[in-house]
Amino acid sequence: MAFGKGHHLHLIDGSAFIFRAYHALPPLTRKSDGLPIGAVAGFCNMLHRYVEGNTGPDAPTHVAVIFDKGSHTFRNEIYDQYKANREAMPEDLRPQIPLTRTATEAFNIACKEKEGFEADDIIATLACQARDAGGRVTIISSDKDLMQLVGDGVEMLDAMKNRRIDRDGVIEKFGVGPERVVDVQALAGDSVDNVPGAPGIGIKTAALLINEYGSLEELLDRAEEIKQPKRRQTLIDMRDQIEMSKRLVQLDCETPLEFNLDDLEVRDADPDVLMPFLAEMEFRTLTKRIADQLGVEPPAIPDAPTKAAESAAAPEMPPLDASNYTTVRDAETLKSWVEKAQARGYVAVDTETTGLNEMTADLVGVCLCVDPGKACYVPLAHKASAGDDLFASDDLAEGQMPFNDALAILQPMLEDPSILKIGQNMKYDAKILARLGITVAPFDDTMLMSYAMHGGEHGHGMDTLSERYLNHTPIPIKTLLGTGKSQITFDKVPIDDAAKYAAEDADVTMRLWTLFKPQLHQAQVTRVYETLERPMVKVLADMEMSGVKVDRDVLSRMSNAFAQKMAGLEAEIHELAGETFNVGSPKQLGEILFDKMGLEGGKRGKTGAYATGADVLEDLATEHELPARVLDWRQLSKLKSTYTDALQEHIHSETGRVHTSYVITGASTGRLASTDPNLQNIPIRTEEGRRIREAFVAETGKTLVSLDYSQIELRILAHIADIPALKQAFRDGLDIHAMTASEMFDVPLDEMTPDIRRQAKAINFGVIYGISGFGLARNLRIPRAEAQGFIDRYFERFPGIKDYMNDTKAFAKEHGYVQTLFGRKIHTPEINAKGPRAGFAQRAAINAPIQGTAADIIRRAMIRMPAAIEGQPATMLLQVHDELLFEVENGAEDALIDTARDVMEGAADPVVKLDVTLTVDAGKGQNWAEAH
DNA sequence: CCTGTCACG
DNA sequence: GACGTACGTGACAGGG
């Protein structure tokens with residue numbers, strides 16, 4: 001069928017692709033022969049991403065990449081200085097030009113050029129032909145010269161910003177419609193192409209004049225009428241030059257072409273052509289990725305003879321070798337290591353202990369590394385081997401320095417302000433040493449460096465980092481400790497084995513630091529690392545060691561009450577089912593509900609079991625008793641097992657308090673995670689669950705004070721997406737959800753109903769999460785079409801939100817990460833994936849800057865807090881994302897609230913000037929339920 | 001060890 | 001035209 005109505009032609013400006021690729025990438029060379037290849041690599045990546053993105057109803061039916069050919073065109077006949085000021089093509093780009101043609105053909109995309117014609121003219125000709133045939137055209141370029149073609153089904157797409165430019169976009173840029181763009185350009189000229197235009201007249205003035213006179217010709221004919229003398233004279237004197245400029249910028253829609261639109265039909269790539277090409281270029285990642293997607297075996301790409309090119313930038317390091325490590329057994333040797341650290345000015349430190357819980361684990365040994373490859377282990381508390389003896393020995397193993405002697409030598413070094421201590425997860429070691437009276441400072445943390453540079457890309461544990469960046473798999477701890485029931489603690493490990501493992505850890509840490517330190521700067525995250533990551537170590541270590549008092553009796557009483565209620569419910573459930581079964585087994589429950597009782601709506605998950613989640617049961621509960629009872633039972637079961645029972649296990653035997661551990665690198669967005677136990681998910685939403693918080697109490701004579709940011713994420717959204725109505729509402733202290741509802745549903749605020757407000761609230765939150773019609777529909781339990789209607793209305797009312805979402809997605813697609821207002825990078829490696837994963841990644845990308853900025857803000861508040869409340873009888877205990885919990889001596893609560901509120905509300909200053917104020921609510925009470 | 005479920009912001 | 005979708009976490013129980 002000939003090109004016509006219903007067809008959609010994409011025209012890609014090939015030169016633009018090449019130059020962008022060239023400038024976006026470092027000067028890569030082909031490993032085998034050093035051929036410059038960066039631009040081709042970037043070009044192929046862009047083509048591939050382009051092809052990947054071509055799904056959906058808007059996908060093109062026809063496509064071509066258009067290139068310039070030859071430097072002499074008809075425009076040089078008109079004006080010999082045309083494009084004369086262009087810089088010569090960079091030497092390393094020239095040989096890549098023909099390869100981009102080959103690449104285009106390898107992707108099986110039509111590749112067109114014509115001697116003596118600019119790509120723009122070919123694009124213009126094809127666009128005109130396609131438009132005349134009744135089809136649609138998208139020109140993928142940001143070249144403003146092409147804007148004259150827009151209109152009547154022709155649009156431009158700025159692939160860089162992922163922004164479509166239609167007629168309105170052109171008017172925004174040039175102040176006139178596409179048909180008058182050439183007139184404006186003729187007047188304004190173009191310094192890039194060396195088009196002279198009218199001196200002293202830019203786009204703004206040109207648009208003004210053209211709009212007033214209707215056309216360039218009219219303007220020039222009536223130039224005498226212009227009031228401004230200088231402008232009038234210019235137009236009269238420069239008439240010839242202006243008219244010539246117009247001929248220069250006017251695209252030629254009549255380029256003679258040896259092919260027609262039908263030759264441009266979209267074709268699938270042929271793996272037999274594409275894969276060999278990519279392999280020949282030695283694009284390892286891209287070859288593999290595309291092979292995976294095409295479902296073919298990736299061709300082998302031989303490794304370059306040397307790895308020199310790759311490691312040139314990386315510091316030189318000797319290979320890891322355990323035989324070089326020493327075991328320190330006497331004071332003299334230890335002192336010599338400390339002296340080495342002193343001389344160096346930095347030292348990697350790692351502690352070995354009897355467990356993972358810093359509040360209960362005991363120090364077993366310390367290792368130091370002063371240089372990659374030079375590491376030692378100082379065993380301190382290894383137990384003598386029990387040998388065949390069944391009775392474990394409490395005696396210390398031979399050949400260890402006295403514990404306190406060693407610490408006395410190490411302490412000055414660990415506290416020496418002129419020696420940088422380098423650790424991997426320093427919070428752990430700092431807490432272990434703090435319990436022994438040692439304050440480690442100053443320090444660097446390779447885990448946090450990795451998090452600052454690679455957050456969202458991968459985990460930041462030592463094994464991961466070592467494998468990824470050192471190409472070395474450290475000795476697994478399991479080989480020393482065993483696993484499961486027979487697992488032993490580190491103090492039972494023979495010293496020789498322990499030394500190899502421990503010293504290697506310090507060595508690996510030192511190597512990672514050597515590698516990461518210069519990279520932090522290159523990745524432009526030094527400030528994030530130094531102001532948002534590293535200072536958290538001390539703040540959190542102190543909070544964790546403080547712990548929060550938990551009243552065991554309260555929990556225990558609740559536990560018993562829950563057990564009784566659950567027993568009653570269980571009996572009822574069995575009665576209703578007509579048989580006994582394990583209510584806690586989703587599998588058995590599903591079979592009872594859908595097989596035995598024959599209820600409708602059973603859906604099986606991937607394991608073949610029926611889904612019995614709360615949403616499913618809630619639907620069934622309107623008609624049936626049993627699922628309703630199961631829901632009640634489940635709630636109690638959760639509260640009992642996770643909270644009233646498990647929390648008691650976490651009460652420290654000496655402090656009587658619960659000491660959580662925060663994972664600084666736990667969440668990709670910059671939020672903290674809380675583990676062992678998780679104190680960030682203590683119930684609050686239901687009355688019954690909320691009572692768990694009554695067990696979190698203040699010490700006698702003290703009070704708990706809670707401060708939390710009000711609507712911080714919505715405020716950040718208002719700022720980032722620049723939504724005037726939202727910002728104003730926050731300034732006016734309005735009920736933000738009611739305001740949204742009022743705007744969307746045209747309901748005056750004084751006639752607002754709780755239900756309408758509830759819907760608006762769901763939409764507000766949905767926006768933060770990267771809303772979808774489906775998600776909102778499910779949340780509100782309304783038809784999907786209705787939910788979509790709400791969203792459309794919302795975007796219509798707050799168009800900045802839609803822009804924010806599109807801009808953020810485009811940024812992520814281009815850069816592979818998004819950023820918070822404070823510069824934290826959150827990587828989005830899946831953003832260019834195919835299938836449902838792309839959707840996930842896009843929504844995560846939309847959410848990350850908002851959630852991440854809020855996380856940055858509370859981090860800043862926490863870091864400033866200790867100095868701010870210095871002297872006040874108050875301790876910061878917990879953080880729950882937007883809340884800080886303090887324990888304060890009675891009578892000092894209000895002073896603490898004043899201070900802490902100031903710190904929290906001003907936490908963005910002075911780095912970020914928010915358009916919205918941050919507001920903090922405060923409460924106090926004998927327990928957490930009262931305080932919140 | 002994985003899956004389903006559910007607690008929080 | 002169908003599919004599958006709200007963002008970020010951690011803990012527990014069941015089951016292979």
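Within 4.0 Å (heavy atoms only), A855(A) reaches no atom of the nucleic acid at all. A854(A) comes within 4.0 angstrom of no nucleic acid atom, judged by non-hydrogen atoms across all strands. The residue A611(A) sits close only to the backbone: its heavy atoms come under 4.0 Å of sugar-phosphate atoms, none of a base. As judged by a 4.0 angstrom heavy-atom cut-off over every strand, D882(A) is placed among residues touching the sugar-phosphate backbone only. Nucleic acid contact class of A845(A) (heavy atoms, under 4.0 Å, all strands): none. Note on N678(A): only backbone sugar-phosphate atoms sit closer than 4.0 angstrom, heavy atoms only; bases stay farther off. Residue R634(A) is in sugar-phosphate contact alone, with no base atom involved, counting any heavy-atom pair closer than 4.0 Å across all strands shown. Residue S641(A) is classed as a sugar-phosphate contact, given heavy-atom separations below 4.0 Å to backbone atoms only. At a threshold of 4.0 angstrom between heavy atoms, the contacts of Y643(A) are confined to the sugar-phosphate backbone, with no base atom among them. Residue contacts for T612(A): at a heavy-atom cut-off of 4.0 Å it reaches the sugar-phosphate backbone alone, with no base atom in range. If you check every strand for non-hydrogen atoms under 4.0 Å, G770(A) touches nothing. If you check every strand for non-hydrogen atoms under 4.0 Å, G584(A) touches sugar and phosphate atoms only. R690(A) comes within contact range of no nucleotide atom at all, as no heavy-atom separation falls under 4.0 Å. Counting non-hydrogen atoms under 4.0 angstrom, Q635(A) reaches the backbone sugars and phosphates but no base.
Taking atom CZ of residue R778(A) and atom C1' of nucleotide dC7(C), one finds them 13 Å apart after rounding to whole Å. For the pair K640(A) NZ and dC6(B) C1', the interatomic distance rounds to 17 Å; values are reported in whole Å.
The number of heavy atoms from other shown groups lying within 6.0 Å of CZ (R691(A)) does not exceed 12.
With dG4(B), dA11(C), dT5(C) as the choices, the nucleotide that has an atom nearest any side-chain atom of R784(A) turns out to be dT5(C). For T675(A), counting side-chain heavy atoms from C-beta on, the closest listed nucleotide (dG15(C), dG9(B), dG10(C)) is dG10(C). The side chain of R671(A) sits closest to dG8(C) out of dG4(C), dA7(B), dG8(C).
Comparing the same atom, P, in dG4(B) and in dG4(C) gives a spacing of 14 Å after rounding to whole Å. As rounded to the nearest Å, dT5(C) and dT5(B) have P atoms that lie 14 Å from one another.
Taking a pair to require two hydrogen-bonding distances under 3.5 Å in either a Watson-Crick or a G-U wobble arrangement, dC3(C) remains unpaired.
The minimum heavy-atom distance between P849(A) and I720(A), with the atom names listed, is O-CD1, 4.1 Å.
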Show the atom names and distances, to 0.1 Å, of all donor-acceptor pairs under 3.5 Å that link a side chain in residues 756-763 of chain A to residues at least two apart or in another chain.
from: R757(A); atom 1: NE; to: D735(A); atom 2: OD1; distance (Å): 3.2
from: R757(A); atom 1: NE; to: D735(A); atom 2: OD2; distance (Å): 2.7
from: R757(A); atom 1: NH2; to: D735(A); atom 2: OD1; distance (Å): 3.2
from: R757(A); atom 1: NH2; to: D735(A); atom 2: OD2; distance (Å): 3.4
from: R758(A); atom 1: NE; to: D755(A); atom 2: OD1; distance (Å): 3.2
from: R758(A); atom 1: NH2; to: D755(A); atom 2: OD1; distance (Å): 3.0

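Within residues 819-832 of chain A, no residue places a heavy atom under 4.0 Å from DNA chain C.
Remark: R824(A) engages E533(A) in a salt bridge, criterion side-chain N to carboxylate O under 4.0 Å. Using a 4.0 Å cut-off between a side-chain N of Lys or Arg and a carboxylate O of Asp or Glu, K427(A) and E544(A) qualify as a salt bridge.
Checked against the 6.0 Å centroid criterion, the rings of Y794(A) and F790(A) do not qualify as a close aromatic pair.
No side-chain donor-acceptor contact under 3.5 Å links R797(A) to the backbone of M744(A).
Side-chain contact, R634(A) with T612(A): a donor N or O sits under 3.5 Å from an acceptor N or O.
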